[in-house]
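All figures in this text were calculated on a predicted structure; none of them were measured in a lab.
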Amino acid sequence: MITWIQRNFQHHFRAIMAVLGFISIAFIFTIGSTPGVGRSETRSQSRPFFSFNLASADDQRRIFDDSRLSIFLKYKQEVSRSEGAQLEQFALKRAASLALADQLHIPEPSEDVLASSINGARAFASPSGEFDPNVYNSFREKQVLPGYSSPATAADVRRVLIDDWRAEQVRKLLGGPGYILPGDIKTQLARNDTQWTLAVASADYAKYAPVITPTPAELAKFFAAGPARYQVPDRVSVDYISFPAADFVPQINVTDAEVRAYYDANPALFPKPAASKPLARPTPNSDFATARPQVEAALKLERAQNLAAQAASDIALALYNEKITGITPQLDTFLAEHHLALKSLAPFSADAPPAELGSSPEIADEAFRLGKDHFFSDVLATRAGSVILLWKETIPAYTPLLSEVQTKVAADYTEAQRQNLFTSELGKTIHDQLVARLKAGDTFDQAVTAANGAKLEMKTFPPFTQQQPPKDLERSIPEKLDRLEAGHVSDMIFSDNKGWFVYVVAKKRPDLTEANPQFASTRADLAPMVANATFEASLTEIVAREQKKSAPADTP
């Protein structure tokens, strides 16, 4: 397999003359999580970062394009817009690793090693995870990576794989062997292989209903401790002109052939109806005949939506030509001439789009782009047709007075107190009762029965390790076990709307000496993690020092 890859790889790259195009990820230049990257005020300045200039658009594209491609080749996963800050950090660290590789004179990999890199790239793997020559051949011929939205040539892939290999050699050198202290191995071995036998009792928080009557002073103190949680966000107030598709349906005429073609082209929209009496021989024609009224209505509505969008576009153009810049008498005259009417929406925030327009996030986004200099929106599609938004005002965020939000403050205070009483007061009471009954010689189930004024439910679990906990064990319990010994009862663990009390029936520790075969395997498992942590810490410091050399004077 390696020979096949190498032969094709060498043959292919003799024909590559240049790197074609760059991947456009302009959004990353405005992330700003790292000083200097993407700051518009420094674009004309020099911001050296090893061999790159972070003030250069070309160097920025090179750093970030190669990093995106590196991630895709390794994981076959595109970096999304929301992951921009993470990509920025990865890209800077990758650039630093390559600068270190140059300083350490790390050569390029051999063609055999490079072929192995292609073999291991998920971007060229089959669904089963193995290298797929057909996927690679298709990329080689079409210069398009399946699943990757940006252009990437074979020359790009070769360069990135070479750089990734050199960066990996730097990681190995900086990370070192990953030395682990014997005490750390014992801690991890005890965590993984200790065998636990548990009994668990739980109290249902939903059934806990103490009487809580807050005083005005308590509410005022609670509100003053966190007024930001009640802040009213920025809101926008708009009117809109509606173009319902239903108004255009009477204008639509369709032929039988068009209805049938629409039915055949959209089978998922018209599933076969459940017949009350099965037909002896159902046919496509009989299915179509049954669904025909729905098909015709859907086709007409689709075409009516297109007419509604066109009518809205004509009005938007007319608003522009008439130079209408606000809700004024001129607008009133315009609407009367076109037999249109404004509809109003209550002010809404970006995360609470108006229900009247389908709670559409896109419509909310467009509304917040409007203002004095951008009075009306583009045509926006809704489920019912099309609309044009007209800006009235943008209302800035503010913190309300306690009197404005007193009902919500009271509800939040009551809930906070209820949870506090559940975990502290009730939790301590039940814990102390269980411990007292166990000391008196009761079994745990007897202790639970004696404390059943709290209506506890109990369940036992056979021996298990934290590596393979029971599926029905509350997921937060295993991480709380380390401090418990056999015969002990935990304090209340509040999770999943319940209060849990864990009783350790038995605790069997593993052999923590080097004679245990798991001692060596645990060391082997931990070493790469420690090495990687060492590398990441070192590289983070190197990146920070390099950035500081050319940071603007106002950057701390």
Side-chain angles (χ1 to χ4, degrees), residues 182-212 414-513 515-519 521-522 525-526:
D184 295 329
I185 298 174
K186 292 178 181 180
T187 298
Q188 187 66 25
L189 193 60
R191 182 185 300 273
N192 289 345
D193 293 349
T194 294
Q195 193 176 79
W196 302 88
T197 305
L198 302 181
V200 177
S202 63
D204 191 348
Y205 180 64
K207 297 178 181 178
Y208 183 63
V211 177
I212 301 172
T414 300
E415 178 59 24
Q417 288 297 105
R418 175 175 173 242
Q419 183 169 325
N420 181 59
L421 291 173
F422 183 76
T423 56
S424 59
E425 184 178 284
L426 181 66
K428 185 178 187 307
T429 299
I430 295 176
H431 174 270
D432 291 349
Q433 288 177 349
L434 293 174
V435 170
R437 297 305 303 180
L438 290 168
K439 285 183 177 179
D442 285 355
T443 61
F444 187 67
D445 58 343
Q446 290 172 334
V448 168
T449 300
N452 216 22
K455 298 182 180 178
L456 301 180
E457 296 180 359
M458 196 190 87
K459 190 169 186 178
T460 58
F461 296 90
F464 66 90
T465 65
Q466 291 201 42
Q467 287 185 310
Q468 293 182 320
K471 292 182 179 180
D472 53 346
L473 179 65
E474 162 57 32
R475 60 183 179 276
S476 64
I477 289 178
E479 63 190 40
K480 309 286 187 181
L481 294 178
D482 291 343
R483 298 180 181 179
L484 296 178
E485 298 296 334
H488 286 191
V489 179
S490 72
D491 292 330
M492 178 187 279
I493 301 169
F494 185 66
S495 177
D496 196 26
N497 218 35
K498 288 187 177 183
W500 306 87
F501 300 90
V502 180
Y503 174 64
V504 181
V505 178
K507 178 179 180 180
K508 182 179 179 182
R509 294 180 181 274
D511 178 7
L512 299 181
T513 69
N516 183 352
Q518 295 299 319
F519 195 95
S521 64
T522 301
D525 290 340
L526 290 177

**Message:** Before you tell me yes or no, could you show the steps for Asp472 and Phe461 under side chain to side chain contact (heavy atoms under 4.5 Å, CB included), namely the whole-Å CA-CA distance, both residues' side-chain angles and the distance that decides it to 0.1 Å?
**Reply:** CA-CA 9 Å; Asp472 53 346; Phe461 296 90; 3.4 Å; yes
**Message:** Between Thr465 and Gln467, does the side-chain hydrogen bond (donor to acceptor under 3.5 Å, both in side chains) criterion hold? Intermediate values first, please.
**Reply:** CA-CA 5 Å; Thr465 65; Gln467 287 185 310; 4.8 Å; no
**Request:** List the atom of Tyr205, the atom of Gln419, and the distance in Å for their closest heavy-atom pair.
**Result:** OH-N, 3.3 Å
**Request:** Quick one: pull up CD in Glu415 and CG in Asn420 and give me the separation to the nearest 0.5 Å.
**Result:** 11.0 Å
**Request:** Would you please test Lys507 and Trp196 for side chain to side chain contact (heavy atoms under 4.5 Å, CB included) and show each step?
**Result:** CA-CA 5 Å; Lys507 178 179 180 180; Trp196 302 88; 3.4 Å; yes
**Prompt:** Minimum heavy-atom separation for Phe464 to Leu473, with atom names?
**Reply:** CZ-CD2, 3.7 Å
**Complete:** Residues Ile493 and Ile477: closest non-hydrogen pair is CD1-CG1, 4.5 Å
**Request:** Could you tell me which non-hydrogen atom of Arg437 sits nearest to which non-hydrogen atom of Ala447, and how far apart they are?
**Result:** CB-CB, 3.6 Å
**Prompt:** Is Val504 close to Leu198 at the side-chain level, that is, under 4.5 Å between some pair of heavy atoms?
**Reply:** yes
**Request:** Test Asp204 against Lys455 for side chain to side chain contact (heavy atoms under 4.5 Å, CB included), laying out the working first.
**Result:** CA-CA 8 Å; Asp204 191 348; Lys455 298 182 180 178; over 6 Å; no
**Asked** Taking only residues two or more places apart in sequence or in another chain, which ones pass salt bridge (Lys or Arg N to Asp or Glu O under 4.0 Å) with Asp491?
**Response** none
**Prompt:** Any side-chain heavy atom of Ile430 sitting closer than 4.5 Å to one from Leu456?
**Reply:** yes
**Asked** More than 12 foreign heavy atoms under 6.0 Å from CD of Gln468: is that the case here?
**Response** no
**Approximate separation, where rounding is to 0.5 Å, of Ser202 OG and Asn497 CG** = 11.0 Å
**Prompt:** side chain to side chain contact (heavy atoms under 4.5 Å, CB included) between Leu421 and Leu426: does it pass, once the steps are laid out?
**Reply:** CA-CA 6 Å; Leu421 291 173; Leu426 181 66; over 6 Å; no
**Nearest-0.5 Å distance, CG of residue Asp442 to OG1 of residue Thr449** = 9.0 Å
**Request:** Look at the aromatic rings of Tyr503 and Phe444 and report parallel, tilted or perpendicular, splitting at 30° and 60°.
**Result:** parallel
**Prompt:** Is Trp500 reaching over with its side chain to a backbone N or O of Val200, donor-acceptor style, under 3.5 angstrom?
**Reply:** no
**Prompt:** What closest approach, in Å, do Leu189 and Asn516 show between heavy atoms, and which atom pair accounts for it?
**Reply:** CD2-ND2, 3.7 Å
**Message:** Tell me if a side-chain donor or acceptor on Asp496 pairs with a main-chain N or O of Lys498 at a distance below 3.5 Å.
**Reply:** no
**Message:** If you compare all heavy atoms of Ala190 against all heavy atoms of Leu512, which two are closest, and at what distance to 0.1 Å?
**Reply:** N-CD2, 4.0 Å
**Message:** Would you say that Met492 contacts His431 through its side chain, given a criterion of any heavy-atom pair below 4.5 Å between the two side chains?
**Reply:** no
**side-chain hydrogen bond (donor to acceptor under 3.5 Å, both in side chains) between Glu474 and Ser495, worked out** = CA-CA 8 Å; Glu474 162 57 32; Ser495 177; 2.6 Å; yes
**Request:** Supply the atom-to-atom distance Phe501 CZ to Ser490 OG, rounded to the nearest 0.5 angstrom.
**Result:** 7.5 Å
**Asked** Do other residues, nucleotides or ligands put more than 12 heavy atoms under 6.0 Å from Lys480 NZ?
**Response** no
**Prompt:** So, does Arg191 use its side chain to make a donor-acceptor pair with the main chain of Gln466 at under 3.5 Å?
**Reply:** no
**Request:** Hey, could you give me the CZ/CD distance between Arg509 and Glu485, rounded to the nearest 0.5 Å?
**Result:** 5.0 Å
**Request:** Could you check if a side-chain atom of Leu481 sits within less than 4.5 angstrom of a side-chain atom of Thr194, using non-hydrogen atoms only?
**Result:** no
**Message:** Any heavy-atom pair between the side chains of Ile185 and Phe519 that's under 4.5 Å?
**Reply:** yes
